[in-house]
Novice: 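My questions all concern the structure below.
Values below: all heavy atoms of this structure, side chains included; hydrogens, waters and symmetry mates excluded. A quick note: this is a predicted structure, and the numbers were derived from the prediction, not measured. Letters A, B, ... mirror the listed sequences (proteins, then strands); counts begin at 1.
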Protein chains: 2
Amino acid sequence: MKTKAISELEKIFKILGNKQRLTILELLRSRSYSVSEIVDILNMEQSAVSHQLRVLREAQLVQAEKRGREVLYYLSDSHILILLDNALKHVDHVFNLGDE
Amino acid sequence: MKTKAISELEKIFKILGNKQRLTILELLRSRSYSVSEIVDILNMEQSAVSHQLRVLREAQLVQAEKRGREVLYYLSDSHILILLDNALKHVDHVFNLGDE
DNA sequence: TTTTTACATGAAATACTTTTCATATATTAT
DNA sequence: ATAATATATGAAAAGTATTTCATGTAAAAA
């Protein structure tokens, strides 16, 4: 059986199976955000956000760039994001969510 | 923001982010399996398998049918499986896994 | 150069998931 | 009827993920 494929899928789905991380990815689709902007939007502690950003960084889903004393995060062009995109379209379609 | 879509995605990805559940789904693609068959293949305790099957049942990814004293599990035709299928193709392609 | 702001990080605390253990129910075999 | 087999389930135990807390570092401001 395709155990390698299954392990990869597990990793990917684990990372995506979290509201805050999904929201961060969704945000970054339009532009880059600084950590404090994300903190404000997600209403989480700065530290928790940094920890989540690290998960996304280590999975190569996002990249960070230092700008003065801020750090800007932006999407890497990862294959996983294509997958997420498909999933989103799928969910939008199935639940008839339109552009809420 | 699309909080409903994100919540749905979180749910779906959480369910798929587990090796045993992925393996079960992958197995059931070809035919239905009884619980004890799955127990043998996954090398898990019967009870653990039943618990995982419940998760899949509750998410409507699989269905159960009693056959004598066995219970056969088979895939429902859920939209989530289409998503999983895309993901698998994606991973196969990206990692060049062929038919291992 | 001292203070403030923005972010990161390790460790402890908390919350959540998965497995195990004990036991219950239904079906078939004796 | 009794025993054996297949599965399910609740509760405790074990494992994993996430958040919080305390603190560190680098850049900008005072």
Novice: Rounded to whole Å, how long is the line connecting atom CG of A:Asn18 with atom C1' of D:dT19?
Specialist: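 Taking atom C1' of D:dT19 as the reference, CG of A:Asn18 is at 11 Å.
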Novice: Taking only N/O atoms, report every protein-nucleotides 20-23 of chain C pair under 3.5 Å with atom names and distance.
Specialist:
residue, atom, partner, partner atom, Å
C:dT20, O4, B:His51, NE2, 3.0
C:dC21, N4, B:Ser47, OG, 2.6

Novice: If only side-chain N and O atoms of B:Arg54 are considered, is one of them under 4.0 Å from the OP1 or OP2 phosphate oxygen of C:dT17?
Specialist: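 No, no such contact exists.
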Novice: Are any of the side-chain nitrogens in A:Arg67 or A:Glu70 under 4.0 Å away from the carboxylate oxygens of its partner?
Specialist: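 Judged by the 4.0 Å cut-off on N to carboxylate O distance, A:Arg67 and A:Glu70 do not form a salt bridge.
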Novice: In whole angstrom, give the distance that lies between atom CG of A:Leu53 and atom C1' of C:dA6.
Specialist: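 Rounded to the whole Å, the gap is 13 Å.
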Novice: Passes side chain to side chain contact (heavy atoms under 4.5 Å, CB included), A:Ile6 versus B:Glu26? Steps please.
Specialist: CA-CA 9 Å; A:Ile6 285 179; B:Glu26 188 56 23; 4.2 Å; yes
Novice: When the distance from CD of B:Glu37 to P of D:dA6 is rounded to whole Å, what number comes out?
Specialist: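 Interatomic distance, CD of B:Glu37 to P of D:dA6: 11 Å.
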Novice: Surrounding CZ of A:Arg31 (heavy atoms of other residues, nucleotides or ligands, distance under 6.0 Å), is the total greater than 12?
Specialist: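 Enclosed.
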Novice: Could you report the tightest heavy-atom contact between A:Tyr33 and A:Leu27, atom names first, then the distance?
Specialist: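 Heavy atoms of A:Tyr33 and A:Leu27 come nearest at CE1-O, 3.4 Å.
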Novice: Name the residue closer to the 5' end of DNA chain D, choosing between A:Gln20 and B:Val35 according to the nucleotide with the nearest heavy atom.
Specialist: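 The answer here is B:Val35.
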Novice: Heavy atoms under 4.0 Å, any strand shown: does A:Ser36 hit a base, just sugar-phosphate, or nothing?
Specialist: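 Sugar-phosphate, backbone atoms only, no base.
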Novice: Tell me whether B:Ser34 contacts the main-chain N or O of B:Val71 through its side chain, where contact means a donor paired with an acceptor under 3.5 Å.
Specialist: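 No; zero donor-acceptor contacts below 3.5 Å.
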Novice: Starting at atom CG of B:Leu22, determine the distance to atom C1' of C:dT17, rounded to an integer number of angstrom.
Specialist: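 Roughly 15 Å, once rounded to whole Å.
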Novice: Rounded to the nearest angstrom, tell me the gap between atom CZ in B:Arg21 and atom C1' in C:dT17.
Specialist: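 Interatomic distance, CZ of B:Arg21 to C1' of C:dT17: 8 Å.
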Novice: List in chain and number order the residues that pass ring-ring contact (aromatic ring centres under 6.0 Å, His included) with B:Phe13, two or more places apart in sequence or in another chain; answer none if no residue qualifies.
Specialist: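 So B:Phe13 forms a ring-ring contact (aromatic ring centres under 6.0 Å, His included) with A:Phe13.
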Novice: Under 4.0 Å from any atom of DNA chain C, heavy atoms only: list the residues of residues 55-76 of chain B that qualify, in numerical order.
Specialist: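 Of all residues in residues 55-76 of chain B, the ones placing a heavy atom under 4.0 Å from DNA chain C are B:Lys66, B:Gly68, B:Arg69.
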Novice: Please confirm whether the backbone N or O of A:Ile15 pairs with a side-chain atom of A:Arg21, one donor and one acceptor, at under 3.5 Å?
Specialist: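 Checked: pair present.
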Novice: Answer yes or no: is there a donor N or O on one side and an acceptor on the other, between the side chain of B:His90 and the main chain of A:His79, under 3.5 Å?
Specialist: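 Present.
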Novice: Rounded to the nearest angstrom, tell me the gap between atom NZ in B:Lys14 and atom C1' in C:dT17.
Specialist: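 Distance, rounded to whole Å: 10 Å.
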Novice: Round to the nearest Å and state the distance from B:Ile15 atom CD1 to C:dT17 atom C1'.
Specialist: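 Value for this atom pair: 13 Å.
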Novice: Is the side chain of A:Ser78 donor-acceptor paired with the backbone N or O of A:Gln60 at a distance under 3.5 Å, no angle test?
Specialist: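 Flag not set: sc A:Ser78 to bb A:Gln60 has no pair under 3.5 Å.
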Novice: Within this structure, what is the CD-to-P distance between A:Glu10 and D:dT16, rounded to whole angstrom?
Specialist: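 In whole Å, D:dT16 P and A:Glu10 CD are 11 Å from each other.
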